[in-house]
Structures are given as structure tokens and as C-alpha cells.
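Structure, as C-alpha cells:
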Amino acid sequence: MSIDVNFLYEILLQILVQEQQGNVFDPDYFNNLLLLNTFKYFDDNYKNKLNKNGGYEVNQGFMDTLSFLKVIYFGQIDTSGKMVIPADYIHYSSLTHHYMVQATIYDNRGIPTISMVPEHTPVDILTDAALTLRRMDAIKGPDEDFPICVEYYNQLTSKGYFQFYPENLQYVELVYLRQPRIPKWIGTFDSATDTYIYDPVNSVQLEFPDIDKYRFISYILEQLGFSYQSDVIEKMVIENKQIEGN
């Protein structure tokens, strides 16, 4: 479950009004805070789990924590063996080559027919040094059954890409961890009440788990120069719910 950006907005506004800072807290300012702190929060609490102790998949806790960022991408490889990496890519989980092979298929009467069937084989992602050794190896050299690739960056296009060997591959399935999406609070200004009315349909929610919401609020407050503990914020939320219930 994601974090409701309106929940963050209301709590932060309430705190800043108490601190006599509410007059400088508008949606544009809040969205800038969301942008800044989303990536800071990710770097501090999630990014360090990607490569720790051999990679996030060696630890079930890391896998569970990062699962909300995992996506599957089907990419086409060009004639030179290159596939552009998605713009939101930060870390690979698996890379699988998909191709068709000719096989003999027997029906229920035992009559054989020649058909094309799908095959799937993992792709080894190597360092430059390991790539050189594999390409020179007469026995373990790359082929369609045992493909390899290296990750590069194209300065001309400002995009990353995988270079595959052999170069005549066509399609791969890339499972990777992506960057968190940029959250945004959208609202319309009501001149009658001199307030903004929240638009939940067009707003973009914060993707971190709901359990992180108090800690994330503390991050923003720290950015603003305030020091609030999560239990203080939670107490404020409980009091608000009690008032609403009466």
C-alpha cells in the first residue's frame, strides 16, 4: 500500500500552522519537498539494499522490502546486439533470452510433427574483463544457448544499454528494480474558501509502503528545520481522528 500524499499534506500543514509557517506552505512548495525527499528517502532506506552482501536477492527481507519496485520489461535487441535500458532502471534482477527452436512434437497417436517451440535461457551479465575471457573461450564462448551481455552507457543519447553476444539475438525479458515514481499533490484553488481542494484522481501517490509515512514526514520536517519524532506525529493523527469521529 502506498502513502497518501494528501495525508502528508494535511499533517505537514497542521504542523507548520502551529509553527506559524503555514503561510509559506502551498501545493507547489509541497510538491518540491516531495520530489526532493522521495529520492533522499529512497537512497537512505532502500538503495543500500540493492548490492549489499552479494545483492538484494540473497536476503528475503531485502527482496520483500524492494518488491514494490520490481517490474518486467520485454525488450527487442537491434541488429548490432544492443538493447536500450528503460529510463527508470536502477538494478537488474534477471535477464532471460526468449527464442524459438525447431522440435519434434508427438500427438496422442504417436505421430510426429515438426514445430517451432519457445525456449528460454538466462543471460549472464558480465564485467568487461569477464566478457573478454568468455569471447575468447573456444568451449564456453557465447552462443544462442549461452548468451552474455555487458551494461554500457551511450554518452551521445544519454541512455544506458545492454550489449549482447552473440549479436543476432532478438528478444529478452528483463526483470529489474526501477526508480520510485515522483509523487505529486494535485488540487484546485477555491476562491470562496481561499483553500485548495484535493484532487485524488490526478494526484500521484508516494510509492513507499504506508508503514513508512511517519518516518517520511520526519524527513520533510527535518528538511524544513523542524525536529519531530514519529510518535509525536502519530499522536497528532490519532487526535485528529478522534475529533473527526465526534
Side-chain angles (χ1 to χ4, degrees), residues 1-50 56 62-73 86-91 176-246:
M1 181 180 178
S2 59
I3 300 175
D4 184 357
V5 291
N6 193 52
F7 171 87
L8 300 179
Y9 183 83
E10 294 291 343
I11 294 300
L12 288 166
L13 182 60
Q14 183 175 346
I15 292 173
L16 294 177
V17 166
Q18 290 181 356
E19 298 291 337
Q20 298 182 344
Q21 299 292 325
N23 60 322
V24 299
F25 191 70
D26 59 26
D28 289 338
Y29 185 50
F30 175 62
N31 284 326
N32 286 333
L33 289 173
L34 284 179
L35 172 63
L36 174 65
N37 285 276
T38 291
F39 292 102
K40 184 179 186 300
Y41 191 83
F42 174 74
D43 288 346
D44 291 349
N45 297 280
Y46 290 91
K47 197 170 185 178
N48 65 328
K49 296 178 173 64
L50 295 179
Y56 83 102
F62 290 172
M63 292 174 65
D64 293 341
T65 300
L66 295 166
S67 62
F68 71 99
L69 297 174
K70 185 182 290 189
V71 294
I72 300 176
Y73 171 78
D88 59 356
Y89 166 90
I90 55 174
H91 186 81
Y176 69 97
L177 299 179
R178 59 171 174 78
Q179 297 176 359
R181 297 189 183 97
I182 298 175
K184 192 168 187 178
W185 191 98
I186 300 295
T188 55
F189 185 72
D190 184 355
S191 58
T193 60
D194 197 31
T195 58
Y196 288 91
I197 300 175
Y198 175 59
D199 179 0
V201 175
N202 293 304
S203 294
V204 180
Q205 305 305 325
L206 190 66
E207 289 192 296
F208 300 121
D210 183 68
I211 195 173
D212 287 7
K213 59 188 176 185
Y214 300 119
R215 190 175 184 182
F216 190 84
I217 292 174
S218 298
Y219 258 64
I220 295 182
L221 290 172
E222 183 179 347
Q223 187 74 32
L224 295 172
F226 299 102
S227 179
Y228 277 76
Q229 299 299 319
S230 61
D231 57 340
V232 175
I233 300 170
E234 188 169 4
K235 181 174 181 293
M236 180 181 298
V237 174
I238 294 173
E239 290 174 350
N240 285 345
K241 289 182 177 180
Q242 290 175 343
I243 293 173
E244 292 172 359
N246 294 332

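The basis for the numbers below is simple: all heavy atoms, side chains too, and nothing from hydrogens, waters or symmetry mates.
Note that CG of Asn6 is 10.0 Å distant from CD1 of Ile11, once rounded to the nearest 0.5 Å. Distance check: Leu34 CG to Phe39 CZ gives 11.0 Å after rounding to the nearest 0.5 Å. The distance from the CD1 atom of Ile211 to the CZ atom of Phe216 is 16.0 Å, given to the nearest 0.5 Å. Taken to the nearest 0.5 Å, the CG atom of Asn31 stands 12.5 Å off from the CG atom of Leu36. Distance CD/Glu10 to CG/Asp4: 9.5 Å, rounded to 0.5 Å.
Residues Ala87 and Gln179 approach most closely at O-NE2, 4.4 Å, considering heavy atoms. Across all their heavy atoms, Val5 and Lys184 have their closest contact at CG2-O, 4.0 Å. The two residues Arg178 and Ile90 come nearest to each other via the heavy atoms O-CD1, 3.5 Å. In terms of heavy-atom proximity, Ile220 sits nearest to Leu33 at CG2-CD1, 3.8 Å.
The side chain to side chain donor-acceptor pair (under 3.5 Å) check on Asn45 picks up Arg215, Tyr219, with sequence neighbours excluded. Residues passing the ring pair (Phe, Tyr, Trp, His ring centres under 6.0 Å) test with Tyr73, sequence neighbours excluded: none.
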Practice prompt. Step by step, work out the side-chain contact (heavy atoms from CB on, under 4.5 Å) result for Leu12 and Ile217.
Written response: CA-CA 7 Å; Leu12 288 166; Ile217 292 174; 3.8 Å; yes
Discussion item. Using side-chain contact (heavy atoms from CB on, under 4.5 Å), reason through Leu8 and Phe30 one step at a time and then give a plain yes or no.
Written reply: CA-CA 9 Å; Leu8 300 179; Phe30 175 62; 3.9 Å; yes
Discussion item. Please evaluate residues Tyr9 and Tyr198 with respect to the criterion ring-ring contact (aromatic ring centres under 6.0 Å, His included), reporting the C-alpha separation (whole Å), side-chain torsions for both, the decisive distance (0.1 Å), and the verdict.
Written reply: CA-CA 10 Å; Tyr9 183 83; Tyr198 175 59; 8.3 Å; no
Item to complete: Could you give me the CA-CA distance, side-chain angles and deciding distance for Leu69 and Phe42, then say whether side-chain contact (heavy atoms from CB on, under 4.5 Å) is met?
Response: CA-CA 11 Å; Leu69 297 174; Phe42 174 74; 3.4 Å; yes
Worksheet entry | Derivation of the side-chain contact (heavy atoms from CB on, under 4.5 Å) call for Leu206 and Thr38 | CA-CA 8 Å; Leu206 190 66; Thr38 291; 3.3 Å; yes
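More than 12 non-hydrogen atoms from other residues, nucleotides or ligands lie less than 6.0 angstrom from CD1 of Ile197.
Electrostatic pairing of Glu222 and Lys40 does not count as a salt bridge here, judged by no charged N lying under 4.0 Å from a carboxylate O.
No donor-acceptor pair closer than 3.5 Å links the side chain of Asp190 to the backbone N or O of Thr195. Put simply, the side chain of Glu207 never gets that close to the backbone of Pro180: no donor and acceptor are under 3.5 Å apart.
Ring pair Phe68/Tyr46: centre-to-centre distance below 6.0 Å.
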